[in-house]
Amino acid sequence: MSWNTVTLEVSDDVARLTVDRPDALNAMNTETLDEIAEAIAAAESEAARVLILTGAGDDAFIAGADIDYMKEFSTPEALAYAERGQGIVRDLIEFPGVTIAAINGYAFGGGCEFALACDLRVASERAVIGQTEIDLGIIPGWGGTQLLQRLVPDETARRLIFFGDRLDASDAYERGLVGDVVAHDDLYDHVDEMAAELASKPRHALHAAKEALNAYHETGGEGGLTVERRAWSGLFGTPDQREGMAAFVEKRDPEFE
Ligand code: COA
């Protein structure tokens with residue numbers, strides 16, 4: 001499937017959403033945001049178990065919100081734009097499969113926020129990542145102030161946002177922003193391998209795990225424990241749970257739905 005600035009490929013339960021606006025290093029205007037939202041919805045209707053988010057070309061993942069487009073925004077216009085970007089952050093957080101950001105180059109501002117909203121992040125050695133808004137006279141508005149706190153200590157989050165640092169891949173790895181750094185040419189092979197393995201896991205259990213992990217950040221530890229208890233017990237009786245445990249006891253490999 002393809003739109004003007006976004007493409008979506010789905011095969012073997014894995015969807016790959018590529019932001020493709022090369023002239024602006026994949027920076028996002030409202031058309032791109034609408035298309036990303038539609039592509040995520042399409043991946044969900046295709047029942048994708050894994051959604052990979054990446055940028056077209058060798059230079060950029062997503063160079064942020066389109067600065068040229070928003071430079072004259074009034075406050076109400078900016079608020080509407082923040083709501084739009086945050087809507088996509090929410091779509092990624094709530095996507096019923098695992099989301100992986102394959103960070104192939106610049107990931108700044110809103111691009112960094114979309115990567116942070118994914119479950120997992122893999123960076124190519126060429127990735128450069130940062131919440132760079134401070135030098136534009138603004139702050140992160142698509143979830144960055146909240147999402148960074150899920151991944152890195154408060155001190156690191158404050159430094160990244162206050163200084164607007166642009167971290168190279170190894171720095172991003174050391175500070176806990178990405179889980180893996182791989183050679184640029186190996187990025188998609190590596191991410192595809194991860195995606196294939198995740199797609200072979202029991203779907204409902206993976207989704208329940210994601211919801212329970214997310215609950216920690218949304219409701220704090222106690223609320224999260226309640227969600228975890230409910231999700232854990234709700235999996236008993238599902239075909240995958242019965243199969244997974246029977247296979248263990250019968251000393252064979254499980255065959256999940
Ligand atoms: N919004 C709009 N256009 C952008 C953009 C953005 N966030 N990021 C890059 N572009 C455009 C540039 O304006 C330029 O367009 P032009 O060719 O019509 O002049 C094109 O993409 C290439 O960018 P350029 O700056 O010439 O390339 P570069 O290799 O020298 O630098 C970056 C690349 C990403 C380091 C630099 O473009 C940059 O810092 N971008 C802003 C990143 C940012 O702060 N994002 C957060 C926004 S909230």
Side-chain angles (χ1 to χ4, degrees), residues 3-7 17-37 39 53-92 101-118 121-149 151-152 156-173 175 177-178 181 184 187:
W3 292 258
N4 234 357
T5 62
V6 166
T7 59
L17 191 168
T18 306
V19 178
D20 189 358
R21 250 192 109 206
D23 293 348
L25 295 176
N26 306 327
M28 301 170 289
N29 56 16
T30 49
E31 179 186 40
T32 311
L33 288 178
D34 286 346
E35 292 180 358
I36 293 173
L53 175 66
T54 194
D58 274 333
D59 297 322
F61 172 71
I62 301 171
D66 190 317
I67 299 167
D68 194 40
Y69 178 78
M70 62 184 179
K71 62 184 190 298
E72 300 294 339
F73 272 175
S74 63
T75 291
E77 285 168 332
L79 186 58
Y81 208 44
E83 280 166 1
R84 223 156 172 163
Q86 287 183 357
I88 290 174
V89 161
R90 174 70 43 217
D91 291 345
L92 290 168
I103 307 173
N104 54 313
Y106 301 123
F108 296 139
C112 182
E113 285 163 310
F114 285 1
L116 296 175
C118 289
R121 281 149 295 282
V122 181
S124 103
E125 282 169 341
R126 288 200 205 158
V128 191
I129 302 173
Q131 295 297 160
T132 52
E133 290 89 345
I134 199 82
D135 292 320
L136 297 167
I138 57 170
I139 64 167
W142 294 356
T145 59
Q146 313 300 302
L147 295 166
L148 265 178
Q149 305 271 1
L151 284 181
V152 300
T156 308
R158 280 169 203 265
R159 282 177 184 247
L160 288 171
I161 291 173
F162 292 169
F163 289 100
D165 289 336
R166 298 175 177 220
L167 304 182
D168 65 25
S170 63
D171 240 4
Y173 175 75
R175 299 207 206 174
L177 277 139
V178 301
V181 180
H184 187 72
L187 178 66

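Residue numbers count from 1 along this sequence. Order of listing sets the numbers, starting from 1, for every ligand and every atom in it.
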Student: Measure across A172 and I129 and return the closest heavy-atom pair with its distance rounded to 0.1 Å.
Tutor: CB-CD1, 3.9 Å
Student: Any donor-acceptor pair under 3.5 Å linking the side chain of N26 with the backbone of F61?
Tutor: yes
Student: Given A27, A24, A63, A60, which one has a non-hydrogen atom that is nearest to atom 45 (N) of ligand 1?
Tutor: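 Among A27, A24, A63, A60, the closest heavy atom to atom 45 (N) of ligand 1 comes from A63.
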Student: Under the side chain to side chain donor-acceptor pair (under 3.5 Å) test against E35, which residue among T30, T5, N4, T7 passes?
Tutor: T5
Student: Can a donor-acceptor pair be found, under 3.5 Å and without considering hydrogens, that links the side chain of S124 to the backbone of R126?
Tutor: yes
Student: Can you confirm whether something in the protein, heavy atoms only, sits under 4.0 Å from atom 23 (O) of ligand 1?
Tutor: yes
Student: Tell me whether atom 36 (C) of ligand 1 lies less than 4.0 Å from at least one protein heavy-atom position.
Tutor: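 False for atom 36 (C) of ligand 1.
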Student: Which atoms from ligand 1 have a heavy atom of D66 less than 4.0 Å away?
Tutor: 1 (N), 2 (C)
Student: Taking the side chain as everything from C-beta on, heavy atoms only, tell me whether Q131 gets closer than 4.5 Å to E113.
Tutor: yes
Student: Under 4.0 Å from ligand 1, counting heavy atoms only, is it the side chain of M70, its backbone, both or neither?
Tutor: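 Within the 4.0 Å criterion, M70 contacts ligand 1 through side-chain atoms alone.
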Student: Not counting sequence neighbours, which residues clear salt bridge (charged side-chain N to carboxylate O under 4.0 Å, His left out) with D171? List them please.
Tutor: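 Salt bridge (charged side-chain N to carboxylate O under 4.0 Å, His left out) check on D171 returns R175.
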Student: Around atom CZ of F73, are there more than 12 heavy atoms of other residues, nucleotides or ligands at under 6.0 Å?
Tutor: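 Atom CZ in F73 is packed in, count exceeds 12.
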Student: Taking 4.0 Å as the limit for heavy-atom contacts, which would you say applies to D59 with ligand 1: side chain only, backbone only, both, or neither?
Tutor: neither
Student: For atom 41 (C) of ligand 1, what's the nearest protein heavy-atom neighbour? Residue, atom name and distance, please.
Tutor: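 Answer for atom 41 (C) of ligand 1: I67 CD1, 3.9 Å.
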Student: Give the numbers and elements of all ligand 1 atoms closer than 4.0 Å to a heavy atom of R166.
Tutor: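 With R166 as reference, the close atoms of ligand 1 come out as 35 (C), 38 (C), 39 (O), 44 (O).
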Student: Taking distance alone, with no angle check, do T132 and ligand 1 share an N/O pair under 3.5 Å?
Tutor: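 T132 vs ligand 1: N/O contact under 3.5 Å present.
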Student: Under 4.0 Å and counting heavy atoms only, is there anything from the protein next to atom 30 (O) of ligand 1?
Tutor: no
Student: Classify the ring geometry of Y69 against Y81: parallel below 30°, tilted from 30° to 60°, perpendicular beyond 60°.
Tutor: tilted
Student: Considering non-hydrogen atoms of the protein only, which is the closest contact for atom 33 (C) of ligand 1, and what is the distance?
Tutor: L25 CD1, 3.4 Å
Student: Yes or no, since that's all I need: does a protein heavy atom fall within a distance strictly under 4.0 Å of atom 16 (P) of ligand 1?
Tutor: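 Looking at atom 16 (P) of ligand 1, one finds that no protein heavy atom lies closer than 4.0 Å.
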Student: Please list, in number order, the atoms of ligand 1 under 4.0 Å from a heavy atom of F108.
Tutor: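 This gives 34 (C), 35 (C), 42 (C), 43 (C), 45 (N) as the contact atoms.
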Student: Is there at least one protein heavy-atom neighbour under 4.0 Å from atom 8 (N) of ligand 1?
Tutor: yes
Student: When you measure from atom 26 (O) of ligand 1 to the protein, is at least one non-hydrogen atom found at a distance under 4.0 Å?
Tutor: no
Student: Based purely on interatomic distance, does E133 place a nitrogen or oxygen under 3.5 Å from a nitrogen or oxygen of ligand 1?
Tutor: no
Student: Within a strict 4.5 Å, meaning less than it, do heavy atoms of the D34 and R84 side chains meet?
Tutor: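 Counting from C-beta outward, D34 and R84 do come under 4.5 Å.
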Student: Which atoms from ligand 1 have a heavy atom of D23 less than 4.0 Å away?
Tutor: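 Those qualifying, in numeric order: 15 (O), 20 (C), 21 (O).
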Student: Quick one: does D135 get a heavy atom under 4.0 Å from ligand 1?
Tutor: no
Student: State whether the number of non-hydrogen atoms from other residues, nucleotides or ligands found under 6.0 Å of E31 atom CD is greater than 12.
Tutor: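 Yes - once you tally the heavy atoms of other residues, nucleotides and ligands closer than 6.0 Å, there are more than 12.
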Student: Contact between N29 and D68 at the side-chain level, heavy atoms closer than 4.5 Å - yes or no?
Tutor: no
Student: Any side-chain heavy atom of W142 within less than 4.5 Å of one from I88?
Tutor: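 Counting from C-beta outward, W142 and I88 never come under 4.5 Å.
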Student: Answer yes or no for atom 39 (O) of ligand 1: protein heavy atom present at a distance under 4.0 Å?
Tutor: yes
Student: For ligand 1, which atoms, with element, lie under 4.0 Å from some heavy atom of L136?
Tutor: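 Checking each atom against L136, I get 44 (O), 47 (C), 48 (S).
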Student: Going by distance only, is there an N or O of A65 that falls short of 3.5 Å from an N or O of ligand 1?
Tutor: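 Yes, there is a polar N/O contact under 3.5 Å.
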Student: Using modelled atom types and a 3.5 Å cut-off, is there a donor and acceptor pairing between side-chain atoms of E125 and backbone atoms of V181?
Tutor: no
